[in-house]
Amino acid sequence: MNIKLLAIGKTDNKELQTLMNDYMKRLSFYVKFDMEIIADIKNAKNLSEAQQKQKEGELILSKINPTDILILLDEKGKEFTSVGFADELQKRMNAGIKTLVFVIGGPYGFSEEVYQNAKGKISLSKMTFSHQMIRLFIIEQLYRGFTILCNEPYHHQ
């Protein structure tokens with residue numbers, strides 16, 4: 001299985017980018033992982049919330065292949081423990097999925113078309129975090145999930 005992370009807008013915090021790079025390198029020992037950044041919408045301040053979600057949604061969907069399984073990182077999504085998330089990854093791998101795509105949307109969330117194409121929604125917390133920090137958190141949780149599946153000592157219970 002391949003895992004891809006799509007995110008709107010670049011990470012401008014060097015420390016966060018360094019941490020993400022570290023976890024992406026670690027994760028690469030377990031699974032093919034790719035992160036793709038979708039550029040911020042130009043002149044977004046001149047667009048309504050709905051228009052911005054629509055434009056971002058079109059860009060997101062243009063990056064998805066028909067066989068990809070789309071999972072949205074959404075505040076209204078299902079919450080998992082780290083072990084539960086690892087189990088979910090195992091189920092997806094057992095299902096023979098070629099590419100699992102996690103998506104971090106823009107500041108207003110996702111367009112209706114993106115929601116319609118999604119096969120699931122995950123919430124990393126009831127708390128609100130910056131979109132840049134969520135990138136680090138999902139990459140770290142993916143890494144943690146694979147270490148759990150491999151019975152490695154990274155995760156302690």
Side-chain angles (χ1 to χ4, degrees), residues 1-28 30-82 84-86 88-89 91-93 95 97-146:
M1 181 171 78
N2 299 319
I3 296 179
K4 182 175 179 179
L5 176 62
L6 288 176
I8 303 286
K10 66 180 191 253
T11 300
D12 55 10
N13 184 309
K14 289 183 173 97
E15 289 84 6
L16 275 177
Q17 189 62 56
T18 298
L19 287 168
M20 286 188 293
N21 290 342
D22 179 48
Y23 280 102
M24 285 189 281
K25 182 178 177 185
R26 294 182 192 194
L27 184 57
S28 70
Y30 302 95
V31 67
K32 184 175 183 300
F33 177 81
D34 181 45
M35 183 166 81
E36 186 173 347
I37 303 301
I38 298 171
D40 285 315
I41 302 293
K42 292 185 183 354
N43 299 317
K45 62 184 176 221
N46 297 328
L47 300 174
S48 70
E49 179 181 319
Q51 289 171 318
Q52 188 171 339
K53 286 196 307 190
Q54 183 65 36
K55 287 187 178 291
E56 288 171 348
E58 291 168 4
L59 291 171
I60 289 167
L61 293 175
S62 74
K63 306 287 184 184
I64 306 297
N65 294 317
T67 58
D68 292 349
I69 300 298
L70 184 63
I71 306 293
L72 307 179
L73 293 171
D74 186 278
E75 62 188 10
K76 295 180 180 86
K78 182 176 179 178
E79 291 187 3
F80 290 95
T81 64
S82 293
F85 183 60
E88 183 69 16
L89 290 171
K91 285 179 197 169
R92 301 287 182 167
M93 287 187 292
I97 293 169
K98 183 178 177 190
T99 304
L100 186 60
V101 180
F102 292 94
V103 182
I104 301 169
Y108 302 115
F110 301 101
S111 68
E112 193 55 41
E113 292 80 9
V114 172
Y115 279 116
Q116 289 171 3
N117 280 277
K119 301 292 187 242
K121 296 184 293 185
I122 292 176
S123 172
L124 295 180
S125 173
K126 291 185 185 302
M127 300 174 104
T128 301
F129 299 105
S130 75
H131 283 63
Q132 293 184 27
M133 291 184 73
I134 289 297
R135 296 169 194 192
L136 172 62
F137 296 160
I138 188 62
I139 297 166
E140 190 279 339
Q141 283 300 300
L142 287 164
Y143 170 69
R144 181 179 298 270
F146 281 98

Is the shortest heavy-atom distance from the side chain of [X] to the side chain of [Y] under 4.5 Å?
X    : Y    : value
E88  : K91  : yes
E140 : I138 : no
I41  : L59  : yes

Any chance you could measure [X], atom [atom1], to [Y], atom [atom2], to the nearest 0.5 Å?
X    : Y    : atom1 : atom2 : result
T99  : K32  : OG1   : NZ    : 8.0 Å
T67  : I69  : OG1   : CD1   : 8.0 Å
L27  : R144 : CG    : CZ    : 13.0 Å
I3   : L89  : CD1   : CG    : 5.5 Å
L72  : I104 : CG    : CD1   : 11.0 Å
I139 : L5   : CD1   : CG    : 5.5 Å

If you compare all heavy atoms of [X] against all heavy atoms of [Y], which two are closest, and at what distance to 0.1 Å?
X    : Y    : value
A86  : G145 : CB-O, 3.5 Å
G57  : S111 : CA-OG, 3.6 Å
S125 : E79  : C-OE2, 3.7 Å

Backbone of [Y] reached by a side-chain donor or acceptor of [X] within 3.5 Å:
X    : Y    : result
E56  : K53  : no
K4   : K63  : yes
N117 : E113 : yes

Return a table of donor-acceptor pairs under 3.5 angstrom between the side chains of residues 127-135 and protein atoms on other chains or two or more places apart.
| from | atom 1 | to | atom 2 | distance (Å) |
| --- | --- | --- | --- | --- |
| S130 | OG | M133 | N | 3.1 |
| H131 | NE2 | G105 | O | 2.9 |
| H131 | NE2 | G106 | O | 2.9 |
| Q132 | NE2 | D12 | OD1 | 2.9 |
| R135 | NH1 | G9 | O | 2.7 |
| R135 | NH1 | T11 | OG1 | 2.8 |
| R135 | NH2 | I8 | O | 2.6 |
| R135 | NH2 | G9 | O | 2.5 |

Worksheet item: Is the NZ atom of K55 crowded by more than 12 outside heavy atoms at less than 6.0 Å?
Response: no
Fill in: With sequence neighbours excluded, residues passing side-chain hydrogen bond (donor to acceptor under 3.5 Å, both in side chains) with N13
none
Fill in: side-chain contact (heavy atoms from CB on, under 4.5 Å) between K78 and I122, worked out
CA-CA 5 Å; K78 182 176 179 178; I122 292 176; 5.6 Å; no
Discussion item. Looking only at the side chains, is there a donor atom on one of S82 and Q141 sitting less than 3.5 Å from an acceptor on the other?
Written reply: yes
Item to complete: Start with the C-alpha distance between L70 and D68, add both sets of side-chain angles, then the distance that settles side-chain contact (heavy atoms from CB on, under 4.5 Å), and finish with yes or no.
Response: CA-CA 6 Å; L70 184 63; D68 292 349; over 6 Å; no
Practice prompt. Verify side-chain contact (heavy atoms from CB on, under 4.5 Å) between M35 and F102, making sure each step is shown before the conclusion.
Written response: CA-CA 9 Å; M35 183 166 81; F102 292 94; over 6 Å; no
Practice prompt. Show the numbers, then the answer: is there a side-chain hydrogen bond (donor to acceptor under 3.5 Å, both in side chains) between N21 and Q17?
Written response: CA-CA 6 Å; N21 290 342; Q17 189 62 56; 3.0 Å; yes
Worksheet item: side-chain contact (heavy atoms from CB on, under 4.5 Å) between I71 and L100: does it pass, once the steps are laid out?
Response: CA-CA 7 Å; I71 306 293; L100 186 60; 3.6 Å; yes
Worksheet item: When the ring planes of Y115 and F110 are compared, do they come out parallel, tilted or perpendicular, using 30° and 60° as the limits?
Response: perpendicular
